[in-house]
Number of protein chains: 2
Amino acid sequence: MLAGDTLKTKLRSLGHRCTSQREAIVKAIIDSPEKHLSAEQVYGALSGEESGAAMATVYRTLDLLEQIGILRKVDFGEGRARYEVITESGHQHHHLVCLECGKVQEVRQDLLSALEALVADEYGFEVKDHMLQFYGVCAECKPKSRKSR
Amino acid sequence: MLAGDTLKTKLRSLGHRCTSQREAIVKAIIDSPEKHLSAEQVYGALSGEESGAAMATVYRTLDLLEQIGILRKVDFGEGRARYEVITESGHQHHHLVCLECGKVQEVRQDLLSALEALVADEYGFEVKDHMLQFYGVCAECKPKSRKSR
DNA sequence: CTAGATGCAAAAAGTTTGCATAAGA
DNA sequence: TCTTATGCAAACTTTTTGCATCTAG
């Protein structure tokens, strides 16, 4: 998941500079348990560090890293964007969003290749990426929700 | 798609009033060619009408209608929410979002039942709804994008 | 050295809220 | 009539932008 200098290499090859803030921001996402951080959370994660970044820098960096294909912007309908690191093989990133506890779990399977082909066929739509979220109740919340609901 | 008095009936049965604004807001979405309107667009659609609504009312109404199951909030990562009318048979609503022209096309097929079963099985996740968007280039933009890109 | 990046503060954009007034039922 | 809904304006939250300063290369 994002080899040591892939970031620097990619930035440099596109005429951007590799700054301590940019490195720290990517690191913050990789090191987070959730792997899907909002700008606010990224900012918070760096606030102690020596290479802290201003909010404006966080936003500008997240935008840039999204544009050059390092990060992907995801939206779980919370009124704020989240970002995740793009890994090797493509778009096998689906999310299970728990409506009870808010936890987001990843599904690492290629569920959609067949559907993408179908969409290309039937609609003449050239799929470049997709976003699939399942909303429901996660395994941990299911026992609890039986009583409460 | 939303029979004549379903709205009034549903509102009344839950102790809400059926106001001209609420009717107009649902009508605006149904009558729109896109079928996925943002709050701003709903507001704009009503601005000429006799039953125009203030922005605050639009937001409050969209929230309410979402909560009582008349509308569904969708998010295409544009930094603003959109709303669509929920129709009969459930969640067979997938979207093809064109990255060139921004147009959103609906796919009316049940593509995910199999996947939902798989997710329930493998992750113990009880799926209540899902959200699937394909991002790419639509049939109309494909010829154009060949030259420009 | 020099273009590109950062920080700070101000401004946008989208959404929410308080309160007096209007209007369904 | 009486409670819920609306309008208006102000407040909040998230994201963007201008500009002087700093820094990677």
Side-chain angles (χ1 to χ4, degrees), chain A residues 5 7-28 36-68 70-83, chain B residues 5 7-28 36-68 70-71 73-83 102:
Chain A
D5 55 2
L7 176 61
K8 177 177 255 173
T9 307
K10 189 137 196 178
L11 283 168
R12 300 305 317 287
S13 72
L14 293 167
H16 300 289
R17 292 177 182 173
C18 184
T19 65
S20 62
Q21 288 88 343
R22 288 174 180 173
E23 286 182 322
I25 287 170
V26 173
K27 190 168 181 306
H36 309 93
L37 298 192
S38 64
E40 189 79 37
Q41 290 176 309
V42 169
Y43 176 77
L46 303 192
S47 60
E49 313 286 309
E50 83 278 358
S51 29
M55 246 337 218
T57 300
V58 171
Y59 277 107
R60 279 188 284 231
T61 300
L62 293 174
D63 274 8
L64 174 68
L65 297 180
E66 188 199 1
Q67 292 191 0
I68 68 176
I70 301 277
L71 299 181
R72 178 185 291 115
K73 190 180 194 173
V74 292
D75 201 316
F76 302 137
E78 309 159 297
R80 100 203 53 158
R82 286 170 177 267
Y83 292 82
Chain B
D5 54 3
L7 176 62
K8 177 178 254 172
T9 307
K10 190 136 197 179
L11 283 169
R12 300 304 319 287
S13 73
L14 293 168
H16 301 289
R17 291 175 182 174
C18 184
T19 65
S20 63
Q21 288 89 341
R22 288 173 180 174
E23 286 181 322
I25 286 170
V26 173
K27 189 169 182 305
H36 309 93
L37 299 192
S38 64
E40 190 80 38
Q41 290 176 310
V42 169
Y43 177 77
L46 303 192
S47 59
E49 315 284 310
E50 82 279 357
S51 29
M55 243 341 216
T57 301
V58 171
Y59 277 107
R60 278 188 285 230
T61 300
L62 292 174
D63 273 7
L64 175 68
L65 296 181
E66 187 199 2
Q67 291 191 359
I68 67 176
I70 300 278
L71 299 181
K73 190 179 194 173
V74 292
D75 201 315
F76 302 136
E78 310 159 297
R80 98 203 54 157
R82 286 169 178 265
Y83 292 83

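Remember, predicted model here, so these are calculated numbers, not experimental data. Below, chains carry the letters A, B, ... as their sequence lines are ordered, and counting in each starts from 1. Heavy-atom basis, side chains included; hydrogens, waters and symmetry copies ignored.
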For [X] and [Y], work out which heavy atoms get closest and say how close.
X     : Y     : answer
B:G44 : B:S47 : O-OG, 2.7 Å
A:R80 : A:S38 : CD-CB, 3.7 Å
B:C18 : B:R12 : N-CD, 4.4 Å
B:L37 : B:A28 : CD1-O, 3.7 Å
B:E23 : B:L7  : CA-CD2, 3.8 Å

Task: B:I68: partners by side-chain contact (heavy atoms from CB on, under 4.5 Å), with sequence neighbours left out - done: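 Only B:K10, B:L11, B:L14, B:H16, B:L64, B:L65, B:I70 meet the side-chain contact (heavy atoms from CB on, under 4.5 Å) criterion with B:I68.
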- [ ] Treat primed atoms plus P, OP1 and OP2 as sugar-phosphate and everything else as base, then score nucleotides 16-25 of chain D 5' to 3': B for base contact with protein heavy atoms under 4.0 Å, S for sugar-phosphate contact only, - for none.
- [x] BBB----BBS
Task: Non-hydrogen side-chain atoms of B:Y83 and B:V58 separated by less than 4.5 Å - done: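 Of all side-chain heavy-atom pairs linking B:V58 with B:Y83, none is under 4.5 Å.
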Measure from [atom1] on [X] to [atom2] on [N] and round the result to the nearest Å.
X     : N      : atom1 : atom2 : answer
B:L11 : D:dA5  : CG    : P     : 9 Å
A:R82 : D:dT15 : CZ    : P     : 11 Å
A:E40 : D:dT13 : CD    : P     : 10 Å
B:E50 : D:dT6  : CD    : P     : 15 Å
A:E78 : D:dC12 : CD    : C1'   : 18 Å
A:L37 : D:dT14 : CG    : C1'   : 16 Å
A:D75 : C:dT15 : CG    : P     : 11 Å
B:E23 : C:dG24 : CD    : C1'   : 11 Å

Task: Side chain of A:A53 - closest among C:dT6, C:dG7, D:dT6 - done: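 It is C:dG7.
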Task: B:T57 side-chain N/O to B:A53 backbone N/O, donor-acceptor pair under 3.5 Å - done: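 No: the side chain of B:T57 does not pair with the backbone of B:A53.
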Open item on the list: Treating A:R82 as the side-chain partner and A:H36 as the backbone partner, does any N or O pair qualify as donor plus acceptor under 3.5 Å?
Closed with: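 At least one qualifying donor-acceptor pair exists.
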- [ ] Examine C:dG7: is either OP1 or OP2 under 4.0 Å from a nitrogen or oxygen in the side chain of A:Q21? Give yes or no.
- [x]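 Yes, within the criterion.
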Open item on the list: Counting only side-chain nitrogens and oxygens, does B:R80 get under 4.0 Å of the OP1 or OP2 atom of D:dT15?
Closed with: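 Checking B:R80 against D:dT15: no side-chain N or O falls below 4.0 Å of OP1 or OP2.
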- [ ] Estimate the overall bend of the helix from C:dC1-D:dG25 to C:dA25-D:dT1 from the end axes over five pairs each, rounded to 10 degrees.
- [x]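 The helix from C:dC1-D:dG25 to C:dA25-D:dT1 shows an end-to-end axis angle of 40°.
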